[in-house]
Number of protein chains: 2
Amino acid sequence: MDRSLKRIRPSPPSAHDVARLAGVSQAAVSRAFTPGASIAKATREKVMEAATELGYRPNLLARSLIKGVSDLIGVVIGNTQNPFFLPVLEELSTRLTRAGKHSLVFTAEHGHDADFQIEDVLRYRVDALVLMSASLSFELAEKCSREGIPLIFFNRRPRWDLPMASVTGANEKGAGEIGRHLLEQGYRRIAYMGGPTDSPTNNEREEGFRRALEQQGAEPAMRELGYLTREGGMAAARALLNRPDRPDAIFCANDFMAIAAMEVARHEFGLEIGREIGIAGFDDMPDASWPSFDLTTYSQPIGPMIDRVMELVLDLDARERFEQVIVEGALQKRGSTRRG
Amino acid sequence: MDRSLKRIRPSPPSAHDVARLAGVSQAAVSRAFTPGASIAKATREKVMEAATELGYRPNLLARSLIKGVSDLIGVVIGNTQNPFFLPVLEELSTRLTRAGKHSLVFTAEHGHDADFQIEDVLRYRVDALVLMSASLSFELAEKCSREGIPLIFFNRRPRWDLPMASVTGANEKGAGEIGRHLLEQGYRRIAYMGGPTDSPTNNEREEGFRRALEQQGAEPAMRELGYLTREGGMAAARALLNRPDRPDAIFCANDFMAIAAMEVARHEFGLEIGREIGIAGFDDMPDASWPSFDLTTYSQPIGPMIDRVMELVLDLDARERFEQVIVEGALQKRGSTRRG
DNA sequence: GTGAAAGCGCTAACAT
DNA sequence: ATGTTAGCGCTTTCAC
């Protein structure tokens, strides 16, 4: 084989090439590939035949240039450590593909805002931007808003009161149910392991949790921050379990930390989960139901949540209502909060 | 606020708009945004000022149209269940961003080939296609090859002997080390839990494992297929553990199945991991080192592997060597194979 | 139903 | 160093 042949990447056939081969105009080729365009059956067939022969594929970059939209959806994933986001990404990707869209995915470093990458991805004229637990600066958010680039927050609400759409789980409600459930189970010294205090998601969960405890006349919970990471969760668990007034239950702001806390309690402190220390999380990520963890949690139903994201991505009207959609999940009572 | 204003998505400013405001030619604007272009400092400043004022951002679709390349890299993820791929995706995304590229991600349904989505993504003139444990048909692979679209297989080798690049872990070597390690630990009735038999990755691991056992004069292992999924792994574990000649150790083709098997052994069969049943995996995914699993495994070092992927993505020459890169990991001896 | 022609926003010669 | 010009591959009028 001649290596030099491989060095030259052949430029792919264009609509013009196809037109010439089919003996029609270039416009006809375009029509043949445009569903619903007015073109005779015979012409379309001629075109398609030529296209197949040449291996022609319409260039979407050119099409996007004209249309002003790219069918590209920017997707930012913060907190990539958290396995919760893999099924979410899969669902989103599947649904986008089905809708003829594509996801331009990038990850943001935890704790940093995603401004840099977003500026970058905006150059592709993405139709919308889905932010999964990622932060961006107020300035950039405002810029997107001004430029009419729809921002959709997933599992996170914007920190500012700019008009922006979001799809979140039922943070307050779910956290409240967890709180009541823990009290029902007989736990009394209950701790909250939080995420960053500037995260709206965290604050809603904490708020819902505290309120539930108060309403039942229980003492306010002690608190430790685990920052939604594994290491943070482990450190926070150690801090809590080392206290003289050790809590008898911990509600963690997400499952990922809850599992970390459970492992610390079990393997470092030798505690029996459930009986000696109740642990609950939030998300119902796949691992939560594994027998190793059997974690009580409040579910964030990925399917329905992504349904709503897709509506916001696809339906301009819905988007412009700047809805703050809350998708309810359900309390998943499991062994990690069973005292008996 | 006037709702009608929001309905109209303003078309973003073009280089022309900037040129007019700055009092220069449109080409000057292009040069101002092209690193290394010959342009006077003063001109560039004028341009930049105007650009900032208008909120101008070069349209990459237009640029790509001219250049013939998009800086877009297609990334297909098969087996999205497996948490191993989240860190991989993160690393890849980070590295691509750093290189000024972007990932067009989509997921392929397990067991199906990704032809449909790939055909689709090819329309964006992606510079390369990275396949992570996904399958595609021979026809499509050949087509890509013919069209000069570089295909890079990650964690998987092509099933055919078309000249294509791949980056994989040291499957045979690693599996061999696992096999010898199990024998050293005193296990004798050793089973292999495999992935699909048409997966080269699976076959390499099985081959390396079998060979190691044979070389030590051990009996050939029994085998059960777990298809690399959680459900499959659990079913296979049940089948193995229910046998009258129950194995005393199981090597699973990936960590994800190994963890599933461990849970079945522990929670359904009441076996003590390590002492009563040795379990080993492959990948060293994050969960493997969690105290709950403490899984013996052979690592696939994500960083170095992605390094090699990036070389193939960025360096035409390397790509054309169609290298089959094998990145060595290391045996991670942990509690799941400790008999004592 | 079809072709000719204009132009999406940019880069890359080519002049000057 | 800068402006002018010609496209990149397509969609979309506009005639016919």
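Proteins get letters first, then strands, A, B, ... in listed order; numbering begins at 1 in each. As a basis for the values below, the full set of heavy atoms in this structure was taken, side chains included, without hydrogen atoms, waters or symmetry mates.
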Query raised in the report: Please give, in whole Å, the distance from dA5(C) C1' to Ile66(A) CD1?
Result: 13 Å
Requested in this report: Anything under 4.0 Å to a heavy atom of chain A counts; send over the first and last such nucleotide of DNA chain D, read 5' to 3'.
Outcome: dG9(D) to dT13(D)
Query raised in the report: Tell me: CZ of Arg44(A) to P of dT2(C), nearest whole Å?
Result: 10 Å
Report summary line: On a heavy-atom basis, the closest approach of Val130(B) and Ile73(B) is CG2-CG2, 3.9 Å
Report task. Answer with base, sugar-phosphate or nothing: what part of the nucleic acid does Ser64(B) contact at a heavy-atom distance below 4.0 Å? Result -> nothing
Report task. Please name the pair of heavy atoms, one in Val126(B) and one in Val121(B), separated by the smallest distance, quoted to 0.1 Å. Result -> CG1-O, 3.7 Å
Query raised in the report: Minimum heavy-atom separation for Leu131(A) to Ile118(A), with atom names?
Result: CD2-CD1, 3.9 Å
Report task. State whether Arg308(B) and Glu311(B) are salt-bridged, where the test is any N-O pair (Lys NZ or Arg NE/NH1/NH2 against Asp/Glu carboxylate O) under 4.0 Å. Result -> yes
Report task. Could you tell me which non-hydrogen atom of Ile149(A) sits nearest to which non-hydrogen atom of Leu122(A), and how far apart they are? Result -> CD1-CG, 3.8 Å
Query raised in the report: For Met48(B) and Ala32(B), which heavy atoms make the closest approach, and how far apart are they?
Result: CE-O, 3.4 Å
Requested in this report: Write down the distance between CG (Asn59(B)) and P (dT11(C)), rounded to a whole number of angstrom.
Outcome: 9 Å
**Report entry** Atom-pair distance (CZ on Arg123(A); P on dC8(C)), nearest Å
**Finding:** 22 Å
Report summary line: Atom CZ of Arg63(A) and atom P of dG9(C) are separated, to the nearest Å, by 17 Å
Report task. With heavy atoms under 4.0 Å as the rule, sort Ser38(A) into base, sugar-phosphate or nothing. Result -> base
Requested in this report: Quick one: label Phe33(B) by what it contacts on the DNA or RNA (base, sugar-phosphate, nothing), any heavy atom closer than 4.0 Å.
Outcome: nothing
Report task. Name every residue in residues 15-31 of chain B that has at least one heavy atom under 4.0 Å from any atom of DNA chain C, in order of residue number, or write none if there are no such residues. Result -> Ala15(B), Gln26(B), Ala27(B), Ser30(B), Arg31(B)
Requested in this report: Could you label the plane-to-plane angle of the Tyr124(A) and His102(B) rings as parallel, tilted or perpendicular, counting under 30° as parallel and over 60° as perpendicular?
Outcome: perpendicular
Report task. State whether Tyr124(A) places a side-chain N or O below 4.0 Å from either non-bridging phosphate oxygen (OP1 or OP2) of dC10(C). Result -> no
Query raised in the report: Is the CD atom of Glu49(A) crowded by more than 12 outside heavy atoms at less than 6.0 Å?
Result: no
Query raised in the report: After noting the C-alpha distance and the side-chain angles of Thr107(A) and Ser93(B), does the key distance pass the side-chain hydrogen bond (donor to acceptor under 3.5 Å, both in side chains) rule?
Result: CA-CA 6 Å; Thr107(A) 56; Ser93(B) 161; 3.3 Å; yes
